[in-house]
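Taking it in order: structure first as structure tokens, then the write-up.
Below, each value reflects all heavy atoms present in this structure, side chains not excepted, and no hydrogens, waters or symmetry copies. The first residue in the sequence is number 1, and the count goes up from there. Remember, it's a predicted structure, so these values are computed and weren't measured experimentally.
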Amino acid sequence: MSVPLYQAKAELFRTLGHPVRIRVLELLQDGPKPVRDLLAAIDVEASNLSQQLAVLRRAGMVTSHRDGPLVMYALSTPDVADLLAAGRRILGAVLTDRDGLLDELRAGTDR
């Protein structure tokens with residue numbers, strides 16, 4: 001039995017709901033990276049990173065392959081990077097709106 005689209009979307013966004021996962025996806029926007037480089041860039045234990053990478057793999061957001069002794073990770077599709085960029089734009093707009101509201105509150109003006 002298939003899952004409704006809205007439920008699948010909710011699961012996708014739940015996958016994005018962890019700071020380590022977001023950071024991994026951001027780092028992979030520049031291209032595939034070995035686990036050791038991800039560990040060096042993210043201040044987490046190796047076991048925690050491994051768990052988060054497994055979640056991203058199961059969700060289909062990243063792929064992995066062996067390159068000799070290294071396990072390399074990459075974004076599964078450029079659309080993941082597009083989604084992160086959209087998130088930045090939305091966050092920027094939301095924060096800008098909040099700053100405007102805060103300025104209005106401080107100034108005591110209503111629109």
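- The hydrophobic cluster containing V94 also includes I90, under a criterion of side-chain heavy atoms closer than 4.5 Å among ILVMFWY residues, counted directly or through chains of members.
- V80 and V55 are members of different hydrophobic clusters when ILVMFWY side chains are connected at heavy-atom separations under 4.5 Å.
- With sequence neighbours left out, the side-chain contact (heavy atoms from CB on, under 4.5 Å) criterion links L16 to F13, I22, L25, M61, L83.
- Partners of R89 according to the side-chain contact (heavy atoms from CB on, under 4.5 Å) rule, which considers only residues two or more places apart in sequence or in another chain, are A85, A86.
- When each of L84, L75, L56 is paired with L28, the side-chain contact (heavy atoms from CB on, under 4.5 Å) condition holds for L75 and for no other.
- Sorted by first and then second residue, the side-chain hydrogen bond (donor to acceptor under 3.5 Å, both in side chains) pairs with a member in residues 54-65 read R57-Y73; sequence neighbours excluded.
- Residues satisfying the side-chain contact (heavy atoms from CB on, under 4.5 Å) criterion with P69, sequence neighbours excluded, are absent altogether.
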Table please: side-chain donor-acceptor pairs of residues 38-50 below 3.5 Å, with sequence neighbours left out.
from	atom 1	to	atom 2	distance (Å)
N48	OD1	Q52	NE2	3.1

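- Under the rule for a side-chain contact (heavy atoms from CB on, under 4.5 Å), the partners of P34 that lie at least two apart in sequence or sit in another chain are R36, D37, L70, M72.
- Applying the salt bridge (charged side-chain N to carboxylate O under 4.0 Å, His left out) test to residues at least two apart or on different chains, none of the pairs has a partner in residues 70-86.
- Note on residues 12-31: pairs passing salt bridge (charged side-chain N to carboxylate O under 4.0 Å, His left out), not counting sequence neighbours, are E11-R14, R23-E26.
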